[in-house]
Amino acid sequence: MSHLSLDGYWQLSSPQHAHINVPCALPGDVHSALIAANLLPQPYFGCNEQLIQWVGESEWLLTREFTLEQHQLDASAIDLCLSFVDTMATICINGKQVVTCSNMFRLYHVDILPFLKPGINHISIALDRNDEEAKRRAERLPFPVPWAVGNNQIPHMNTLRKTQCHSGWDWGICLLSTGVYQSIILKEVYATRLHNLSTQQNWLNNGDCEVTVNIDYETMLEQCESTLEIEFNQQRYAINITPESIGKHSVSKTITVINPQRWWPAGYGEQPLYSLTVTLNNHTIEKRLGLRELQLDTQPDEIGSAMTFVVNGKAITAKGANWIPLDALPSRQTPERYRQLLEDAAAANMNMIRVWGGGMYEHDVFYDLCDELGLLVWQDLMFACALYPSTAEFLKDVELEVRDQVKRLADHPSLALWCGDNEVIGAIGWYDESKNNREKYVVNYDRLNRMLQQVVNEQDPSRRFWASSPCNGELDFGDAWHDDNRGDMHFWDVWHSGKSFDAYHSVKPRFCSEFGYQSWPSLPTIKTFCETEDWNITSPTFEQHQKNNRGNSIITEMFTRYFRFPTSFANMLYLSQVQQALAIKTATEYWRAHKQHCRGILYWQLNDCWPVSSWSSIEYTGRWKQLHHHAKRFFAPVMATFIQEPQQPLCLHVVNDHHQPMPVTGHVIKLNWQGKQLDAWSIDATLAADSSDILWQIDQPLTTEESQQVFYHVHLTAEDGSTLENDYYPCLFKYARLQAANITSEIIQDNDAIWLELDCDYPVLFLEPQLECDGRFSDSSFTLLPSDISGRKQRLKYIGKCDIDTIKSSLTLYHLRGTY
């Protein structure tokens with residue numbers, strides 16, 4: 001056997017529902033099995049969320065059989081290996097209890113040999129109600145610990161080590177899933193058991209790298225002689241082990257890599273990965289290592305203190321987004337969808353993903369892909385937006401969880417930071433209990449947070465532990481939502497406080513790890529969950545798919561500030577995505593222009609876990625919102641932006657993230673809305689390495705009349721082959737005298753490629769070529785200038801698998817002037 005997988009179909013039943021006896025695929029979840037058996041409606045459609053709550057209010061039993069031969073039972077042990085068990089579970093073999101699980105984030109390894117027999121064996125997994133266990137735990141606490149009221153729809157989830165957003169969030173469906181989400185393996189053990197493999201890197205002055213391989217193993221027999229084999233960097237090493245006693249042991253081997261290929265974040269270099277394989281008897285552990293140096297610079301400076309990731313001795317600007325669980329139904333978290341989302345992040349010039357603390361420590365495939373794609377990972381530990389217990393029982397459970405997860409993930413080159421939680425320091429000031437007795441709850445927080453830090457430091461001393469996000473620094477319980485001089489910042493004044501977009505210019509964070517603005521999904525995504533009669537932003541279905549209480553009101557109110565009100569439901573959806581893109585663009589470009597001050601920009605959020613109105617830049621269906629197309633431009637290594645500070649000239653800032661100088665050439669032009677060029681200025685400059693420079697400015701105040709008639713456009717070409725374009729609009733869009741342009745479009749087949757060719761007679765703003773079919777175009781939400789101004793027709797490449805006829809029949813062109 002060596003390894004026997006128990007993946008596949010199990011039988012699912014429930015003590016509360018005698019009529020249910022259906023197959024359930026594991027790894028997988030109970031909801032998905034019931035959907036497959038036509039016992040549960042599609043949870044994401046219409047208002048079906050209300051019809052599925054009984055599943056989380058029931059107990060479930062999973063059973064199956066497996067067969068073993070007598071010779072297989074001659075092993076020293078047979079380990080049952082479990083992970084992602086959600087959450088309260090009792091596992092029995094042949095009617096005997098072998099393990100109880102109570103933490104979704106633990107890794108379980110249990111010797112079940114004493115419970116096995118030759119022939120047919122029976123295994124069962126009894127899944128208890130998570131909601132009732134959370135309530136029982138809350139009742140046992142010595143004092144009330146506030147839970148995430150307003151996000152969670154089920155109380156006291158903070159007492160349970162389970163994905164917090166399973167019981168709802170301000171973008172998430174309440175779908176209290178249960179099941180086992182990773183492979184269930186029986187592993188034969190003969191004489192030795194390979195426990196863990198970890199590595200350390202020591203960089204020498206000559207540029208070589210010493211890689212120390214640390215191996216934890218266990219011997220089951222006395223005087224057990226074995227050979228431990230290491231394969232690394234195309235070399236093989238053998239270590240003879242002859243421990244004198246039964247039990248756990250460790251051995252290390254240091255290997256020097258001459259002239260190593262360094263691993264870099266995306267946009268700064270390549271991502272070479274070295275294969276490492278360790279084998280002991282019938283057990284093998286395989287990893288891929290990236291050789292790189294990484295530090296977090298938080299040294300005091302003239303502003304306050306830095307918050308800069310330094311990779312291979314070079315300061316980088318972290319650019320990216322926050323990640324929530326891939327799907328509310330864990331069975332749908334497939335490797336293919338992980339790859340698509342993370343490749344889409346990299347395609348938008350991101351180099352960092354923050355795994356948010358209300359979700360889960362992700363599956364291995366996530367971190368493997370981040371290693372491959374050069375996406376650094378800011379890893380929250382799994383605490384968010386609530387307070388948490390600090391009882392001895394809770395701390396011990398969490399300690400085992402964190403040890404398991406840090407051991408599992410620490411060798412990934414992409415992993416950049418361990419962060420204690422999401423907004424838990426801030427949450428002390430949110431709830432009446434903690435506001436009225438702050439000292440007590442600060443001590444309660446510190447007990448948990450200090451333990452987290454201690455465990456992380458013991459298991460992975462190579463990385464920084466950051467107490468909370470946002471946080472001003474070590475033991476600083478200050479207001480990191482508004483202090484932009486040090487630490488990381490969450491800036492929500494535009495969305496939650498209703499400020500205009502120019503409020504982003506009022507702060508210069510050292511590192512902004514959260515800020516965001518909502519939009520509605522596109523019409524093709526709306527069609528996947530909403531009947532035609534509910535195509536209205538206040539319909540029951542639409543409101544069911546908006547989890548932020550004021551969300552729809554905020555979006556529509558902001559329309560009235562910046563735009564003329566749209567004339568149809570489809571135009572409202574489109575305009576909400578224009579507005580979202582403008583908000584995040586305004587912040588990002590300003591902070592990047594001040595890059596020596598701000599070294600990290602992670603917007604909220606990359607993805608959705610179901611089709612919903614949210615802050616995401618990629619819809620649940622995988623469609624890029626306009627924001628994601630803008631992100632590709634505003635996160636580009638070389639980026640140009642116009643900035644108008646109060647009482648200051650209009651300036652063109654050009655940013656270079658490369659660690660070498662970058663020549664750029666091009667021009668700035670001034671146009672009117674009839675498409676006539678009124679003025680032009682040439683630009684020919686070399687940007688310094690890792691810089692932001694002002695390459696053009698003009699101090700000619702426009703009259704109110706002129707500001708409504710003109711705009712500025714920049715077009716630059718950089719030596720790295722990129723094209724930089726951007727615009728400046730002197731007045732609010734609702735006052736701009738946009739013209740109703742005639743747009744010509746043609747779908748062209750050119751060998752294996754399909755192109756959309758566009759032209760116009762007047763400037764067109766935020767042109768979005770939207771497809772009903774799968775796939776997208778290479779650009780969207782851009783300014784289309786007449787070809788007699790730009791010197792060319794705009795050509796966009798289709799990215800997807802549809803044929804040309806399908807593309808032609810499913811194309812709709814949206815643009816700003818077309819909304820009214």
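What you see below is based on every heavy atom in this structure, not just the backbone, and it leaves out hydrogens, waters and symmetry mates. A quick note: this is a predicted structure, and the numbers were derived from the prediction, not measured.
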(request) Identify, with sequence neighbours excluded, every residue that meets side-chain hydrogen bond (donor to acceptor under 3.5 Å, both in side chains) alongside Gln453. (result) none
(message) Checking the side chain of Ser616 only, and the main-chain atoms of Ile618 only, is there a donor and an acceptor separated by less than 3.5 Å?
(response) yes
(request) With sequence neighbours excluded, tell me which residues meet side-chain hydrogen bond (donor to acceptor under 3.5 Å, both in side chains) with Lys135. (result) Glu139
(request) Determine, for Glu433 against Lys440, whether the closest basic-nitrogen to carboxylate-oxygen distance falls under 4.0 angstrom. (result) no
(message) How about NZ on Lys396, more than 12 heavy atoms from neighbouring residues, nucleotides or ligands closer than 6.0 Å, or not?
(response) no
(message) I'd like to know if the side chain of Tyr181 pairs up with that of Asp29 as donor and acceptor (distance under 3.5 Å, no hydrogens or angles considered).
(response) no
(message) So does Gln459 get a backbone contact from the side chain of Lys407, meaning a donor-acceptor N/O pair under 3.5 Å?
(response) no
(message) Measuring centre to centre across the rings, with the benzene-like ring taken for any Trp, is Trp495 within less than 6.0 Å of Trp604?
(response) no
(request) For the residue pair His363 and Phe84, categorise the inter-ring angle as parallel (less than 30°), tilted (30 to 60°) or perpendicular (more than 60°). (result) parallel
(request) Take Arg161 and Asp397, measure what salt bridge (Lys or Arg N to Asp or Glu O under 4.0 Å) needs, and give me the verdict at the end. (result) CA-CA 9 Å; Arg161 298 310 297 145; Asp397 191 28; 5.8 Å; no
(message) Would you say Ser614 and Asp608 are linked by a side-chain donor-acceptor pair, where the criterion is simply a distance under 3.5 Å?
(response) yes
(message) For the backbone of Ser177 and the side chain of Lys162, can you confirm whether one donor and one acceptor N or O come within less than 3.5 Å of each other?
(response) yes
(request) Would you please test Leu61 and Gln11 for side-chain contact (heavy atoms from CB on, under 4.5 Å) and show each step? (result) CA-CA 8 Å; Leu61 182 66; Gln11 205 64 19; over 6 Å; no
(request) Verify, without hydrogens or angle tests, whether Arg354 (side chain) and Leu602 (backbone) share a donor-acceptor contact under 3.5 angstrom. (result) no
(request) Check the pair Cys370, His412 against side-chain contact (heavy atoms from CB on, under 4.5 Å), reporting the backbone distance first and the verdict last. (result) CA-CA 9 Å; Cys370 288; His412 285 280; over 6 Å; no
(request) Please determine if Glu49 and Lys547 form a salt bridge, counting it only when a charged side-chain N lies under 4.0 Å from a carboxylate O. (result) yes
(request) Would you confirm whether Gln580, through its side chain, and Tyr517, through its main-chain N or O, come within 3.5 Å as a donor-acceptor pair? (result) yes
(request) Using the side-chain contact (heavy atoms from CB on, under 4.5 Å) rule, pick out the option among Ile185, Ile184, Leu26 that qualifies with Leu6. (result) Ile184
(message) Under a 3.5 Å cutoff, is there a donor and acceptor pairing between the side chains of Thr621 and Thr525?
(response) yes
(request) State, without any angle test, whether Asn21 and Ser13 hold a side-chain donor-acceptor pair at a distance under 3.5 Å. (result) no
(request) State whether Arg623 and Asp774 are salt-bridged, where the test is any N-O pair (Lys NZ or Arg NE/NH1/NH2 against Asp/Glu carboxylate O) under 4.0 Å. (result) no
(request) Measure from NZ or CZ of Arg137 to the centre of the six-membered ring of Phe394, then state whether that distance is under 6.0 Å and the direction lies within 45° of the axis. (result) no
(message) I want to know whether Phe569 and Phe542 have ring centres closer than 6.0 Å.
(response) yes
(message) How long is the straight-line distance from OH of Tyr388 back to CG of Leu395, given to the nearest 0.5 Å?
(response) 14.0 Å
(request) For the residue pair Arg337 and Gln340, confirm or rule out a side-chain donor-acceptor distance under 3.5 Å. (result) no
(request) For Asn436, look at atom CG and say whether over 12 heavy atoms of other residues, nucleotides or ligands are found less than 6.0 Å away. (result) yes
(request) Would you please test Glu59 and Leu127 for side-chain contact (heavy atoms from CB on, under 4.5 Å) and show each step? (result) CA-CA 6 Å; Glu59 297 167 340; Leu127 298 165; over 6 Å; no
Give the table of side-chain donor-acceptor pairs shorter than 3.5 Å for residues 424-432, with sequence neighbours excluded, one pair per line with atom names and distance.
residue: Trp430; atom: NE1; partner: Gly426; partner atom: O; Å: 3.2
residue: Tyr431; atom: OH; partner: Trp147; partner atom: O; Å: 3.3
residue: Tyr431; atom: OH; partner: Cys385; partner atom: O; Å: 2.8

(message) Within the 3.5 Å criterion, strictly below it, is a donor on Asp421 or Ser468 matched to an acceptor on the partner's side chain?
(response) yes
(request) Assess the side chains of Gln333 and Glu362: does a donor N or O sit below 3.5 Å from an acceptor N or O? (result) no
(message) Looking at Arg129 and Glu133, is any side-chain nitrogen of the basic one under 4.0 Å from a carboxylate oxygen of the acidic one?
(response) no
(message) Ignoring hydrogens and geometry beyond distance, is a side-chain donor-acceptor pair present between Gln182 and Ser83 at under 3.5 Å?
(response) no
(request) Check the surroundings of atom CD in Glu393: do more than 12 heavy atoms from other residues, nucleotides or ligands lie under 6.0 Å from it? (result) no
(request) Please find out if less than 6.0 Å separates the ring center of Phe383 from that of Tyr445. (result) no
(message) Any donor-acceptor pair under 3.5 Å linking the side-chain atoms of Ser617 with those of Tyr603?
(response) yes
(request) For Glu772, check side-chain hydrogen bond (donor to acceptor under 3.5 Å, both in side chains) against everything at least two apart and list the hits. (result) Lys527
(request) Could you tell me whether the side chains of Glu619 and Ser522 share a donor-acceptor contact shorter than 3.5 Å? (result) yes
(message) The test is side-chain contact (heavy atoms from CB on, under 4.5 Å); show your working for Val98 and Asp111 and say whether it passes.
(response) CA-CA 8 Å; Val98 298; Asp111 179 13; over 6 Å; no
(message) Quick check against the 3.5 Å criterion: does Asn152 have a side-chain atom that pairs as donor or acceptor with the backbone of Gln164?
(response) yes
(message) Which residue is it: Trp520, Phe529, Tyr44? I am looking for the one with a ring-ring contact (aromatic ring centres under 6.0 Å, His included) to His545.
(response) Phe529
(request) Among Val55, Ile35, Asn48, find the residue that satisfies the side-chain contact (heavy atoms from CB on, under 4.5 Å) test when tested with Pro43. (result) Ile35
(request) Check for a donor-acceptor pair, side chain of Gln546 on one end and backbone N or O of Asn548 on the other, with a separation under 3.5 Å. (result) yes
(message) For the residue pair Trp492 / Glu514, report whether a side-chain donor-acceptor contact shorter than 3.5 Å exists.
(response) yes
(message) Pairing donors with acceptors under 3.5 angstrom, does anything connect the side chains of His195 and Glu218?
(response) yes
(message) With no hydrogens and no angle check, just 3.5 Å: does a side-chain donor-acceptor pair link Asp327 and Tyr620?
(response) yes
(message) Students often mix this up, so state it plainly: with edges at 30° and 60°, are the rings of Trp171 and Trp169 parallel, tilted or perpendicular?
(response) tilted
(message) Are there over 12 heavy-atom neighbours, none belonging to Arg136, within less than 6.0 Å of that residue's CZ?
(response) yes
(message) Is it the case that the side chain of Asp404 and the backbone of Phe105 share a donor-acceptor pair, with hydrogens and angles ignored and the cut-off at 3.5 Å?
(response) no
(request) Determine which pairs satisfy side chain to side chain donor-acceptor pair (under 3.5 Å) with at least one residue from residues 87-98, sequence neighbours left out, and list them in order. (result) Asn94-Asn121
(message) Has Asn552 got a side-chain atom pairing as donor or acceptor with Ile537's backbone, closer than 3.5 angstrom?
(response) yes
(message) Can you list everything that forms a side-chain hydrogen bond (donor to acceptor under 3.5 Å, both in side chains) with Thr63? Sequence neighbours excluded, please.
(response) none
